[in-house]
Amino acid sequence: MKAVGFTQSLPIDDPNSLVDAEVPEPKPEGRDLLVEVKAVSVNPVDTKRRMAGMKPAELKILGYDAAGVVKAVGSGVKLFKPGDEVYYAGSNQRPGTNSECHLVDERIVGRKPRSLDFAQAAALPLTTITAWEGMFERMGISRGGADAGKRLLILGGAGGVGSIAIQLAKRLAKLHVTASASRPESIAWAKKLGADATVDHNKSLPEQLGGEADFVFICTNTDPLFPVLPKLTAPQGRICSIVRTLKPVELAPLQEKSLSFAWEGMFTRSTFQTPDMQAQHELLNEAAKLVDAGTLSTTATDNLGRIDARTLREAHRRIEAGHTIGKLVLEGF
């Protein structure tokens, strides 16, 4: 089967940074689904793993987000059958989705929203899981509206996770949302999704915010933001970041206001095979219902065409440039 991967970490302008290849089609066992991949999307984590200095002994296939059709199932599968249309974000412990067929544990797979095509659906899983878990599980925001009117600051509001977080915060939690965005097009995108206000993350955030936020969701580089978090967050407020720090950070300044800080890593359940791993299946199914009801919208902004090394290199190049809005998708082999 066709696949795209790499054998060494190289700059994206190098034609060998991502290469086309032929690899054996895997066979599902246990609770695995073998999915015929129809579309994928590309995330910053793809570029980070490509440039992590790895020298794999064999081709390393990247890719997390996918939408496709179940082709075959393992003997322990309970939730799906061949022919089902699905979407999911995969695992960082297994080969990625940039291949014609892909193995994935059914417990982290959802039924594709009926109202979306495969490319539109492929834009959603990783960012939806990350935003949902970060806001509703790590920070404990009520998605039923019990926190209505409270203030949420989303740092990195026009990116993939921020684009979903704005929608969840406005349409489910009923929060007042301020999103950081610096360019006219990213500001327009954040407001289109429902942000009540925007701030420029290149300028002083405390001066722009005009008051403290009850919740702060960090969807961008965490290191430079840590020193200002006590000024941005209201007493007893909650902070969550999806981007690990590159150096040690000082937590003591959060103590005076009794601020809570949490990390969100959407691969935690699949990596550690947690007892509640199937929560991601249920989350994606619920999100699909919200999409079909018109409550959530896809964040796909650009379809780059067929899935191959050339188009994936272009997607990685755009993400590394730091100016993407929403999600980049690719469709078909």
> Is there a side-chain contact (heavy atoms from CB on, under 4.5 Å) between Glu185 and His323? Walk through the geometry before answering.
CA-CA 10 Å; Glu185 56 267 39; His323 297 310; over 6 Å; no
> Is the closest basic N to carboxylate O distance between Lys174 and Asp147 below 4.0 Å?
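Here Lys174 does not pair with Asp147 in a salt bridge, since their nearest N and O are not under 4.0 Å apart.
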> Do Leu283 and Thr128 have side-chain heavy atoms sitting under 4.5 Å apart?
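Of all side-chain heavy-atom pairs linking Thr128 with Leu283, at least one is under 4.5 Å.
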> So, does Asn98 use its side chain to make a donor-acceptor pair with the main chain of Val4 at under 3.5 Å?
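No.
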> Donor-acceptor pair, distance only, cut-off 3.5 Å: does the side chain of Lys112 make one with the backbone of Leu116?
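Side chain of Lys112 to backbone of Leu116: a pair is present.
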> Looking only at non-hydrogen atoms, find the nearest pair between Gln167 and Ser163 and report the distance.
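Reported closest heavy-atom pair: NE2-O, 3.3 Å.
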> Measure across Pro227 and Pro230 and return the closest heavy-atom pair with its distance rounded to 0.1 Å.
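Looking at all heavy atoms of both residues, the closest pair is O-CD, 3.6 Å.
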> For Glu207, I'd like to know if atom CD has over 12 heavy atoms of other residues, nucleotides or ligands within 6.0 Å.
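At most 12 heavy atoms, drawn from other residues, nucleotides or ligands, come within 6.0 Å of this atom.
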> Counting only heavy atoms from other residues, nucleotides and ligands, does the tally under 6.0 Å from NZ of Lys170 exceed 12?
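Yes, because the 6.0 Å sphere around NZ of Lys170 holds more than 12 heavy atoms from other groups.
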> Between Thr271 and Thr268 (side chain of the first, backbone of the second, donor and acceptor by atom type, cut-off under 3.5 Å), is there such a pair?
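A pair under 3.5 Å: no.
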> Less than 4.0 angstrom from a charged side-chain N to a carboxylate O is my criterion; do Glu264 and Arg138 meet it?
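Here Glu264 pairs with Arg138 in a salt bridge, since their nearest N and O are under 4.0 Å apart.
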> Would you call Lys71 and Cys101 a side-chain contact if the rule is heavy atoms closer than 4.5 Å?
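Yes, their side chains come closer than 4.5 Å.
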> Ring centroids only, cut at 6.0 angstrom: are Phe267 and Tyr64 within range, meaning strictly under it?
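Yes, the ring centres sit under 6.0 Å apart.
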> Could you give the side-chain donor-acceptor pairs of residues 326-333 under 3.5 Å, partners two or more places apart or in another chain?
{"from": "Lys327", "atom 1": "NZ", "to": "Ser41", "atom 2": "OG", "distance (Å)": "3.1"}
{"from": "Lys327", "atom 1": "NZ", "to": "Asn43", "atom 2": "OD1", "distance (Å)": "3.1"}
{"from": "Lys327", "atom 1": "NZ", "to": "Asp65", "atom 2": "OD2", "distance (Å)": "2.9"}
{"from": "Lys327", "atom 1": "NZ", "to": "Ala123", "atom 2": "O", "distance (Å)": "3.0"}
{"from": "Glu331", "atom 1": "OE1", "to": "Asn303", "atom 2": "ND2", "distance (Å)": "3.2"}

> Is Glu314 paired with Arg317 through a side-chain N to carboxylate O contact shorter than 4.0 Å?
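Yes, charged N to carboxylate O under 4.0 Å.
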> Measuring from Leu168:CG to Leu152:CG, what's the distance to the nearest 0.5 Å?
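Answer for the CG-CG pair, Leu168 versus Leu152, is 10.5 Å.
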> Are Lys2 and Glu100 ion-paired here, with the side-chain N under 4.0 Å from a carboxylate O?
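No salt bridge links Lys2 with Glu100.
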> Under 3.5 Å, is there a donor-acceptor pair between the side chain of Glu137 and the main chain of Trp132?
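Side chain of Glu137 to backbone of Trp132: no pair is present.
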> Between Arg143 and Glu286, does at least one N-O distance fall below 4.0 Å, as a salt bridge requires?
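A salt bridge links Arg143 with Glu286.
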> For the pair Glu320 and Arg318, evaluate salt bridge (Lys or Arg N to Asp or Glu O under 4.0 Å) and give the outcome as yes or no after the intermediate values.
CA-CA 5 Å; Glu320 289 177 2; Arg318 292 193 193 185; over 6 Å; no
> Of all heavy-atom pairs between Gly90 and Ile108, which one has the smallest distance, and what is that distance?
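In terms of heavy atoms, the two residues are closest at O-CD1, 3.3 Å.
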> Flag yes if Ile129 and Met139 sit in one hydrophobic cluster, no otherwise; membership is Ile, Leu, Val, Met, Phe, Trp, Tyr, and two members link when side-chain heavy atoms are under 4.5 Å apart.
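Yes, Ile129 and Met139 fall within the same hydrophobic cluster.
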> Working to the nearest 0.5 angstrom, can you tell me the gap between Ile164 CD1 and Thr130 OG1?
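Those atoms lie 10.0 Å apart.
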> Asp84 and Arg111: salt bridge (Lys or Arg N to Asp or Glu O under 4.0 Å), yes or no, with the steps?
CA-CA 8 Å; Asp84 286 344; Arg111 296 187 179 277; 3.4 Å; yes
> So, the side chain of Ser17 versus the backbone of Asp14: is there a donor-acceptor pair under 3.5 Å, distance only?
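Yes.
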> Contact between Ile242 and Phe217 at the side-chain level, heavy atoms closer than 4.5 Å - yes or no?
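Ile242 reaches Phe217 side chain to side chain.
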> Have Gln278 and Glu106 got a donor and an acceptor in their side chains that come within less than 3.5 Å?
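Per modelled atom types, Gln278 and Glu106 side chains form no pair under 3.5 Å.
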> Taking Gln273 for its side chain and Ser270 for its backbone only, find out whether a donor-acceptor pair lies under 3.5 Å.
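Checking the backbone N and O of Ser270 against the side chain of Gln273, a donor-acceptor pair under 3.5 Å is found.
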> Grouping I, L, V, M, F, W and Y whenever their side-chain heavy atoms are under 4.5 Å apart, do Met135 and Leu290 come out in a common cluster?
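As far as the 4.5 Å side-chain criterion goes, Leu290 and Met135 are connected within one cluster.
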> Would Lys150 pass as a cation-pi partner of Phe215, given that its NZ or CZ must be under 6.0 Å from the six-membered ring centre and within 45 degrees of the axis?
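The answer is no, since Lys150 fails at least one limit relative to Phe215.
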> Looking at Lys27 and Glu29, is any side-chain nitrogen of the basic one under 4.0 Å from a carboxylate oxygen of the acidic one?
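No, no charged N to carboxylate O under 4.0 Å.
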> Can you tell me if Asp276 uses its side chain to pair, donor with acceptor, with the backbone of Ala279 under 3.5 Å?
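Judged by distance alone, no pair lies under 3.5 Å.
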> Leu251: which other cluster members, linking ILVMFWY side chains closer than 4.5 Å, directly or transitively?
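Members other than Leu251 - counting any ILVMFWY side chain reachable under 4.5 Å - are Leu153, Leu155, Val199, Leu205, Leu209, Val216, Ile218, Leu225, Phe226, Val228, Leu229, Leu232, Ile239, Val249, Leu254, Leu259, Phe261, Trp263.
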> Checking the side chain of Arg238 only, and the main-chain atoms of Thr233 only, is there a donor and an acceptor separated by less than 3.5 Å?
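The answer is no, because no donor-acceptor pair under 3.5 Å joins these two groups.
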> Taking the six-membered ring for Trp, are His316 and Phe6 closer than 6.0 Å centroid to centroid?
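Not close enough - the centres of the two rings lie 6.0 Å or further apart.
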> If the threshold is 4.0 Å, N to carboxylate O, is there a salt bridge linking Arg151 and Asp196?
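Not counted as a salt bridge, because no side-chain N and carboxylate O are separated by less than 4.0 Å.
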> Grouping I, L, V, M, F, W and Y whenever their side-chain heavy atoms are under 4.5 Å apart, do Val86 and Leu103 come out in a common cluster?
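Val86 does not cluster with Leu103.
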> Strictly below 4.0 Å, N to O, side chains only: are Lys247 and Asp223 in salt-bridge contact?
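Judged by the 4.0 Å cut-off on N to carboxylate O distance, Lys247 and Asp223 do not form a salt bridge.
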> Should the pair Glu282-Arg107 be classified as a salt bridge under the 4.0 Å nitrogen-to-oxygen rule?
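Looking at Arg107 together with Glu282, the answer is no, because their closest N to O distance does not fall below 4.0 Å.
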> Below 4.5 Å, heavy atoms only, C-beta onward: do Leu59 and Val19 meet side chain to side chain?
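With C-beta onward as the side chain, the pair touches.
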> Give a yes or no on whether Leu124 and Leu296 share a hydrophobic cluster (residues Ile, Leu, Val, Met, Phe, Trp, Tyr; joining criterion: side-chain heavy atoms under 4.5 Å apart).
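They do share one cluster, since a chain of ILVMFWY contacts under 4.5 Å joins Leu124 to Leu296.
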> Going by an N to O cut-off under 4.0 Å, is there a salt bridge joining Glu212 and Lys257?
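Answer for the salt bridge query: yes.
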> Grab the two heavy atoms, one from Asp105 and one from Val109, that are nearest each other, plus how far apart they are.
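Result for this residue pair: O-CG2, 3.4 Å.
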> Within the side chain of Ser9, is there an N or O that forms a donor-acceptor pair under 3.5 Å with the backbone of Arg50?
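Confirmed, Ser9 side chain pairs with Arg50 backbone.
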> What distance separates Asp32 CG from His102 NE2, expressed to the nearest 0.5 Å?
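Reported to 0.5 Å precision, the distance equals 9.5 Å.
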> Nearest 0.5 Å, please: how far is NZ in Lys192 from CD1 in Ile325?
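One gets 10.5 Å once the value is rounded to the nearest 0.5 Å.
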> How close do Ala169 and Val177 get, heavy atom to heavy atom, and via which atoms?
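In this case the closest contact between Ala169 and Val177 is CB-CG2, 3.5 Å.
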> Donor-acceptor check, side chain of Thr222 to backbone of Val243, threshold 3.5 angstrom: yes or no?
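A pair under 3.5 Å: yes.
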> Do Ser115 and Val291 come close enough that some side-chain heavy atom pair is under 4.5 Å?
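Heavy-atom side-chain distance check passes, below 4.5 Å.
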> At what distance, to the nearest 0.5 angstrom, does OG1 of Thr97 lie from CD1 of Ile61?
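Between atom OG1 of Thr97 and atom CD1 of Ile61 there are 9.5 Å.
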> Could you report the tightest heavy-atom contact between Cys219 and Val161, atom names first, then the distance?
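Looks like SG-CG1, 3.8 Å.
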> Report yes if some heavy atom in the side chain of Thr178 is under 4.5 Å from a heavy atom in the side chain of Gln208; otherwise report no.
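Counting from C-beta outward, Thr178 and Gln208 never come under 4.5 Å.
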> Find out whether Val73 and Pro82 are in side-chain contact, i.e. whether some heavy atom of one side chain is under 4.5 Å from a heavy atom of the other.
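They are in side-chain contact.
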> Identify whether the distance between the nearest side-chain nitrogen and carboxylate oxygen of Arg114 and Glu85 falls below 4.0 Å.
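A salt bridge is absent here (no side-chain N lies under 4.0 Å from a carboxylate O).
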> Nearest 0.5 angstrom please: Leu284 CG to Lys289 NZ, how far?
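Leu284 atom CG to Lys289 atom NZ measures 12.5 Å (nearest 0.5 Å).
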